[in-house]
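Worksheet: the structure to be examined is printed underneath.
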Protein chains: 2
Amino acid sequence: MLKEERHKYILDQVHLHHRILLNDLSDALNVSIDTIRRDVKELHHEKKLKKVHGGATSFGFMTFSKDDGNIYLQSKKIQIAEKTVSLLSEGQVILMSGGTTNMEVAKLIPKKLSLTVFTPSLHVAMALLDHKDVEVIFLGGKLLHDAKFAVGGTVVNALSQLRVDLCILGTGYLDANHGLTEFDWEVIQVKKAMIRASKKTIILSVSDKLHSVQKYKTCDLTAVHTLVTELDPQDPLLDAFREFDLKLV
Amino acid sequence: MLKEERHKYILDQVHLHHRILLNDLSDALNVSIDTIRRDVKELHHEKKLKKVHGGATSFGFMTFSKDDGNIYLQSKKIQIAEKTVSLLSEGQVILMSGGTTNMEVAKLIPKKLSLTVFTPSLHVAMALLDHKDVEVIFLGGKLLHDAKFAVGGTVVNALSQLRVDLCILGTGYLDANHGLTEFDWEVIQVKKAMIRASKKTIILSVSDKLHSVQKYKTCDLTAVHTLVTELDPQDPLLDAFREFDLKLV
DNA sequence: GCAAAAACAGCAAGAACTTGCAAAAACCTA
DNA sequence: TAGGTTTTTGCAAGTTCTTGCTGTTTTTGC
């Protein structure tokens with residue numbers, strides 16, 4: 001394995017997990033701990049990550065931003081959010097799930113665009129309330145401590161009485177064969193209900209999450225109308241998704 | 001777990017709750033109390049927090065309150081919150097309205113106290129979600145942009161199906177003759193429903209808001225069981241309220 | 001002033017880090 | 001392509017850091 005490849009892998013891992021142990025890297029890359037140490041030291045000097053005793057963390061790890069203050073991933077998410085916002089139009093009634101990408105969308109909605117948004121995500125709701133012209137309706141229910149996301153019967157019930165224009169699903173894992181998957185069963189139920197309640201479904205996914213599969217399935221790709229990533233729609237990484245009847249943005 | 005991670009967690013907790021017990025940290029992070037002690041001592045030397053006997057506090061909890069950066073008011077609110085928290089007991093099911101005072105209550109709830117809390121306030125919900133032993137149910141509805149508070153039929157409806165132990169109403173204006181008053185009609189409707197849904201009602205009020213009257217009325221003082229202020233219960237400022245059958249704290 | 005809780009100091013085991021070195025691989029240059 | 005140079009990598013020895021435990025001292029609440 002080339003040094004460059006190792007460096008890329010290390011950075012990816014750090015960006016994805018915000019922290020990483022040198023031992024794990026050594027195992028994963030099959031090189032001695034010393035080599036990893038040298039790699040990380042180098043990346044530290046290049047200011048690409050921060051070396052700490054026993055491992056490394058991404059910059060911004062120490063910030064108090066609730067989301068992941070990860071510049072790398074963050075910029076991808078902002079790109080996605082910008083594309084997504086351009087798909088919205090005046091007066092629409094939409095549904096938004098949670099996740100940091102969706103939060104970026106919420107932040108980037110133009111101040112003068114009037115919308116009605118239903119969401120079960122505390123973070124998204126909070127971000128939306130900055131927009132005076134957006135009416136925000138929170139779908140109440142039992143809140144998950146980590147995701148700050150409402151789940152359960154009341155949410156699904158409320159959703160069953162809606163019929164909105166658009167549904168924007170953030171986070172989640174995407175794969176051409178297995179569709180959209182998640183690791184939390186309760187979240188799945190809500191997302192399913194969201195899809196049912198909408199005429200169109202838009203999926204947001206940073207490329208890191210493409211081609212990965214989790215335990216539970218939300219839906220097949222046939223239920224999705226648009227896939228937004230930070231990649232160019234022509235990018236070969238997206239080839240696997242072209243066989244489906246969905247718009248790549 | 002990396003030392004760096006512990007430090008981040010500790011700082012997050014301190015900033016969120018103003019104060020934190022070393023024991024709670026030790027439990028939460030699964031390391032010995034000595035390690036926590038060393039961590040906190042280190043952060044203290046870095047001036048990131050202030051170490052006190054038994055725990056740590058944030059340097060300027062005042063700087064963190066976006067709303068009223070008023071140190072005096074803030075510390076009054078924290079006093080009220082401390083008194084209020086002491087009124088809670090294990091396993092209770094309670095309702096909490098919004099407001100900054102109620103948010104302080106949410107932050108100060110002991111880590112190991114298990115409760116079920118219903119609230120229509122985004123801020124309170126957010127603060128509560130930091131307590132793993134508190135089940136948080138958000139009362140969904142249309143959100144008010146400024147108050148970040150859910151109002152409307154769905155909230156009132158959901159409340160009409162509840163019968164809980166306790167209801168903690170923050171903010172609002174209080175006067176012996178006119179009772180509890182507010183300036184927002186929609187909020188009134190929700191608060192009324194909250195009072196109806198509870199066996200007991202606790203009102204929190206900083207002394208500044210005593211003896212002032214607003215446009216709409218939430219309830220008479222006869223509906224209130226406990227009034228918590230930052231004042232000593234004997235304080236003459238509270239004399240006007242003694243004729244009612246309520247507990248002064 | 002007493003008992004309990006918290007803080008402190010010192011110790012020891014283990015983990016992580018540093019340094020120097022030598023073998024192997026990659027990279028010139030003639 | 002051969003020979004020399006540079007870079008990369010793994011190993012080993014010694015050092016420092018981290019952490020939990022001990023017993024002792026200080027603080028706190030009653």
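This one's a predicted model, so the numbers in the text were calculated from it and none came from an experiment. Chain naming here is simple, since letters A, B, ... match the order of the sequence lines and numbering starts at 1 in each.
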- request: Could you check B:Q79, B:H18, B:K76 and say which one makes a side chain to side chain donor-acceptor pair (under 3.5 Å) with B:E104?
  value: B:H18

Can you tell me the distance, in whole Å, between the [atom1] atom of [X] and the [atom2] atom of [N]?
{"X": "B:E4", "N": "D:dT19", "atom1": "CD", "atom2": "P", "value": "11 Å"}
{"X": "A:K51", "N": "C:dC17", "atom1": "NZ", "atom2": "C1'", "value": "8 Å"}
{"X": "A:K41", "N": "D:dT9", "atom1": "NZ", "atom2": "C1'", "value": "15 Å"}
{"X": "A:L25", "N": "D:dT9", "atom1": "CG", "atom2": "C1'", "value": "17 Å"}
{"X": "B:H44", "N": "C:dA7", "atom1": "NE2", "atom2": "P", "value": "12 Å"}
{"X": "B:R37", "N": "D:dT18", "atom1": "CZ", "atom2": "C1'", "value": "16 Å"}
{"X": "A:L21", "N": "D:dT18", "atom1": "CG", "atom2": "C1'", "value": "15 Å"}
{"X": "B:E5", "N": "D:dT19", "atom1": "CD", "atom2": "P", "value": "11 Å"}

Report which part of the nucleic acid [X] touches: base, sugar-phosphate, or nothing (heavy-atom distance under 4.0 Å, all strands).
{"X": "B:D39", "value": "nothing"}
{"X": "B:I33", "value": "nothing"}
{"X": "A:V40", "value": "nothing"}

message: What I want to check is whether an N or O donor and acceptor connect the side chain of B:R38 with the base of D:dG20 at under 3.5 Å.
response: yes

Closest approach to the side chain of [X], judged atom by atom: which nucleotide of [options] is it?
{"X": "B:V31", "options": "D:dG10, C:dA6, D:dG20", "answer": "D:dG20"}
{"X": "A:H53", "options": "C:dC8, D:dC17, C:dT18", "answer": "D:dC17"}
{"X": "A:T35", "options": "C:dA16, D:dT19, D:dT9", "answer": "D:dT9"}
{"X": "A:K3", "options": "C:dA16, D:dT19, D:dT8", "answer": "D:dT8"}

query: More 5' along DNA chain D: B:D34 or B:E42, using each one's nearest nucleotide?
result: B:E42

field: Phosphate contact (D:dT9 OP1 or OP2) by A:S32 side-chain N/O below 4.0 Å
entry: no

query: Below 4.0 angstrom from OP1 or OP2 of C:dA6, is there any side-chain N or O of B:N23?
result: yes

field: Check against ring pair (Phe, Tyr, Trp, His ring centres under 6.0 Å), A:Y216 and A:F183
entry: CA-CA 6 Å; A:Y216 306 117; A:F183 50 81; 9.1 Å; no

field: Nucleotide opposite D:dC30 in a Watson-Crick or G-U pair, distances under 3.5 Å
entry: C:dG1

task: State whether the side chain of B:H44 and the backbone N or O of B:V40 hold a donor-acceptor pair below 3.5 Å, judged by distance alone.
output: no

- request: May I ask you to check if A:K209 and A:Y173 form a cation-pi contact, with NZ or CZ under 6.0 angstrom from the six-membered ring centre and within 45° of the axis?
  value: yes

- request: Inspect the surroundings of CG in B:D245 and state if more than 12 heavy atoms from other residues, nucleotides or ligands are less than 6.0 Å away.
  value: no

